[in-house]
Amino acid sequence: MTVTSVAPEATPGTAPRAKPVGGGLLDPKQLWRSTPGALRKLDPRSLWRNPVMLIVEVGAVFTTVLAITDPTVFAWLITIWLWLTVVFANLAEAVAEGRGKAQAASLRRAKQDAVARRLVGWGSETVREESVDAVALKQGDIVVCEAGDVIPGDGDVIEGIASVDESAITGESAPVIRESGGDRSAVTGGTKVLSDRIVVRITQKPGESFIDRMIALVEGASRQKTPNEIALNILLAALTIIFLLSVVTLQPMAIFAKGYQGAAPDTEAINADGVTGIVLVSLLVCLIPTTIGALLSAIGIAGMDRLVQRNVLAMSGRAVEAAGDVNTLLLDKTGTITLGNRQAAEFLPVEGVTAAEVADAAQLSSLADETPEGRSVVVLAKNEYKLRARDEGLMPHAHWVPFTAETRMSGVDVDGRRIRKGAAAAVMKWVRDNGGHPSGDVGPVVDGISASGGTPLVVAEHLDGQPARALGVIHLKDVVKAGMRERFDEMRRMGIRTVMITGDNPLTAKAIADEAGVDDFLAEAKPEDKMALIKKEQQGGRLVAMTGDGTNDAPALAQADVGVAMNTGTSAAKEAGNMVDLDSDPTKLIEIVEIGKQLLITRGALTTFSIANDIAKYFAIIPAMFTAVYPSLDAMNIMRLHSPTSAILSAIIFNALIIIALIPLALRGVTYRPSSASKLLSRNLLIYGLGGIVVPFIGIKLIDLLVQLIPGI
Ligand SMILES: Nc1ncnc2c1ncn2[C@@H]1O[C@H](COP(=O)(O)OP(=O)(O)OP(=O)(O)O)[C@@H](O)[C@H]1O
Ligand SMILES: [K+]
Ligand SMILES: [Mg+2]
């Protein structure tokens, strides 16, 4: 089996976007621009959501008071660095938020002062047009938009067809078609009609438009803590309490040590009253998990931001996390795994019928079929058999039967002749229901096409007063996208099961599934089968991700843990899902899962690093502090720091600087290669756990070498 190669531009979204991601290294200018925001976040009313940092702030207030009442160089330096610790933490969050600000500003421009042309009395004899402010529109209002108008709100087209410039939200300059009925009826407020005229029924509530939600999202304003973040915060708070207690127990030890040693001279760290207040606060700040406390929300915002960079809007942080935990990926065959422009390649007649007759019937039945499949049938018949497409407009008696995923057929009833084309099982049933007998040579042709991965469409006709009969088969060819097998191998290494879903027959499904390398497939699936499959997976405790665009996908999108709606889809689909892909590229789901994984892994890695850091600091400072009073501890004082005060100050400075040093990593995410969860865990424990223990020893020692030059330390 080989993966068919196609031109690279044929696989939208599988290649990384060229868009500037601004990830990379942190721009110092960005730090500077975010500083006012970081200072505003010192307000305890906003800091209370971050318990670890709130404790640091309370400590900083406390040492400020101590430093004022009993000013020493040591007290002031500690105080300054404690405040810097909180500012650096706020800076991490502010920088992460700042990246969405520019995007929010350009979105605001798109929605500025639009005027709506509201139609009063729609549906009655006397329709009147009035001009109203777009913000005054209510759900259910009817508006009209003509070339040059900005669409004043989200809604569904109920009359007409127009080309629309959606670049304001998608960044894509090519115009798109929006028309009443079907899956292309949704329009977004702030986009611009380029040609023709449409009548739109507003579906949004005032102030809750798609653009409003986008602005709130990219600004991080509507970001709620996710359940995992809350759990991690609780864990951090618990660790904080443990460290708090362990710091408090140092006090009697210190007093005892002083009494026992008696003669040892007082230091600024330990005097006859025990450990000084400044030192107690410093120790506490060193030991509580400040690093992850500082970076946690930046990591979450950055994850959302990475999705936005790829033109995906996550409606909640929870959705992004769920993407990282997904176990099962449901992927449509046509358009996701295959290129999707399934083209008619051949007309194969049954015995007693000519290929030209099949082509003629197939073309007639496809005149009103706007699906890519239908159009390709018309074109092939024209090219191969010189059949000029009849104008459907000239056939007023014709009753067109549109294709639905439910019936899996389309066709026409005209002048005593009924023609159907569609999935073999569906059309053969129609033949039998209309008095016909399945002809013997249809089966092998259908199976032959299917086994090669093609889609067979059986063409049948039913003339008045005669039994229905199959005429032949259309061979629809589709091509598996390049690089699919590699992507699915990657998914497998991450422990994710991929399931291909298709309305096609089991033979075609199997051929494509084998070629693409998915783990499993579901053939002859109707929309409701998707829903059933999702529920079954979820009952086994698995998280499921899927994409969809049609109204009939909406229930499944709502049921899935990660439901990615295509922006071209219906408003029902967009409402139901928890993410929207502005590029409407179903392959994006794979990238979304990768981004979610990276978010979780980054958070895990930095938590490990932070806690390992705190433990290392404990062993770095405590011996240095107590050797003054307990000379026997000298053997443990492997770091040979200059003095107890320099040891503590160095640790506090290190503790603050490591936050700044890790902001780029928190924003960019740790790099990872797809592998199983347990392998990743052990690898991260090794790198970030061990690194977290070693780095503070080196960092504190280096800072100590500088700090000891300050007089009074
Ligand atoms: N325009 C059409 N007219 C008649 N039959 C069609 C048409 N398009 C598709 N079919 C038939 O209906 C079946 C189901 O189509 P449907 O679009 O639901 O699924 P699919 O395209 O095979 O897979 P996917 O769910 O990935 O889109 C197809 O396999 C084909 O046999
Ligand atoms: K710390
Ligand atoms: Mg389809």
Side-chain angles (χ1 to χ4, degrees), residues 52-53 55-56 59 82 85 89 183 236 239-240 243 282-294 330-342 344 362 365-366 368-378 400-412 419-427 430 446 449-450 454-460 473-476 478 500-509 512 521-527 529-530 546-550 552-553 586 609-618 621 651-652 654-656 658-659 692 696:
V52 176
M53 276 304 142
I55 288 195
V56 180
L82 287 184
T85 308
D183 288 351
L236 295 183
L239 279 175
T240 304
F243 283 129
S282 308
L283 274 180
L284 176 65
V285 171
C286 282
L287 298 183
I288 62 178
T290 46
T291 316
I292 187 64
L330 304 190
L331 300 158
D332 282 340
K333 176 181 77 96
T334 312
T336 306
I337 293 174
T338 66
L339 291 178
N341 49 352
R342 229 173 357 194
S365 71
S366 303
D369 184 355
E370 286 299 318
T371 64
E373 291 88 349
R375 268 186 295 231
S376 79
V377 168
V378 175
W400 303 103
V401 181
F403 168 74
T404 69
E406 201 68 43
T407 60
R408 293 193 282 142
M409 298 193 294
S410 58
V412 65
I419 309 175
R420 293 292 180 274
K421 68 163 201 294
V427 174
W430 179 82
V446 164
I449 295 171
S450 304
T455 297
L457 289 188
V458 173
V459 185
V473 185
I474 310 170
H475 180 174
L476 294 178
D478 200 357
M500 180 184 90
I501 301 192
T502 177
D504 240 324
N505 67 78
L507 262 180
T508 305
I512 297 287
F521 66 87
L522 181 68
E524 290 182 340
K526 292 189 181 157
D529 298 333
K530 252 188 204 179
M546 69 165 277
T547 58
D549 57 358
N552 52 25
D553 282 332
F609 186 86
S610 180
I611 292 173
N613 242 272
D614 296 333
I615 295 168
K617 268 174 258 174
Y618 200 85
I621 322 167
I652 282 290
F654 173 84
N655 193 54
I658 196 76
I659 295 173

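Atoms within each ligand, like the ligands themselves, are counted from 1 in listed order. Worth saying up front: this structure is predicted, and the values here are computed from it rather than measured.
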Go through the steps to decide whether T290 and N655 satisfy the test side-chain hydrogen bond (donor to acceptor under 3.5 Å, both in side chains), and finish with yes or no. CA-CA 8 Å; T290 46; N655 193 54; 3.0 Å; yes
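Taking backbone and side chain together, V285 holds an N, O or S atom under 3.4 Å from the K ion (ligand 2). N655 lies close to the K ion (ligand 2), since one of its N, O or S atoms is found at a distance under 3.4 Å. Residue I288: an N/O/S atom is found under 3.4 Å from the K ion (ligand 2).
Residue F403 comes nearest to R408 through the heavy atom pair CE1-CA, 3.6 Å, listed as atom of the first residue, atom of the second, then distance. Across every non-hydrogen atom of F654 and N613, the tightest pair is CE2-OD1, 3.1 Å. Contact detail for R342 and S376: the closest heavy-atom pair is O-OG, 3.8 Å. A523 and D504 make their closest contact through CB-O, 3.5 Å (heavy atoms, listed as atom of the first residue, atom of the second, distance).
Residues K526 and D529 are not paired through a salt bridge, judged by the lack of any N-O separation under 4.0 Å between the basic side chain and the carboxylate. Ion pairing between D478 and K333 fails under the 4.0 Å rule for side-chain N and carboxylate O.
Which parts of ligand 1 touch T371 is read off a 4.0 Å heavy-atom cut-off, strictly below it: atoms 1 (N). For ligand 1, the atoms lying closer than 4.0 Å to a non-hydrogen atom of A423 are 11 (C), 31 (O). Of all atoms in ligand 1, listed by their number and element, those nearer than 4.0 Å to a heavy atom of D369 are 1 (N), 2 (C), 3 (N). When each atom of ligand 1 is checked for a heavy atom of A405 under 4.0 Å away, the hits are 18 (O). Under a 4.0 Å criterion applied to the non-hydrogen atoms of G422, ligand 1 contributes the atoms 4 (C), 5 (N). Contact atoms of ligand 1 toward I501: 25 (O), 26 (O) (distance under 4.0 Å to a heavy atom of the residue). Counting the atoms of ligand 1 from 1 in the order shown, those under 4.0 Å from a heavy atom of K333 are 26 (O).
To the nearest 0.5 Å, atom CD1 of residue I337 and atom CG of residue D332 are 8.0 Å apart. Taking CD1 of I658 as the start and NZ of K617 as the end, the distance is 8.0 Å to the nearest 0.5 Å.
The proximity of D504 to ligand 1, defined as any non-hydrogen pair under 4.0 Å, involves the side chain as well as the backbone. In L457, the part holding a heavy atom less than 4.0 Å from any atom of ligand 1 is the side chain. Counting heavy atoms closer than 4.0 Å to ligand 1, residue E373 contributes side-chain atoms (C-beta onward) but none from N, CA, C or O.
Considering backbone and side-chain N/O of T455, none are found under 3.5 Å from N/O of ligand 1. Looking at R342 next to ligand 1, an N or O pair under 3.5 Å apart turns up.
For the K ion (ligand 2), the nearest N, O or S atom contributed by D614 is named OD1.
To the nearest 10 degrees, the angle centred on the K ion (ligand 2) between OG1 in T290 and NZ in K617 reads 110°.
Partners of A362 by side-chain contact (heavy atoms from CB on, under 4.5 Å), not counting sequence neighbours, listed by chain and number: F347, V377, V459, I474.
When only modelled atom types and interatomic distance are considered, S450 and N505 share a side-chain donor-acceptor pair under 3.5 Å.
Between atom 13 (C) of ligand 1 and the options G503, S365, S410, the minimum heavy-atom separation is to G503.
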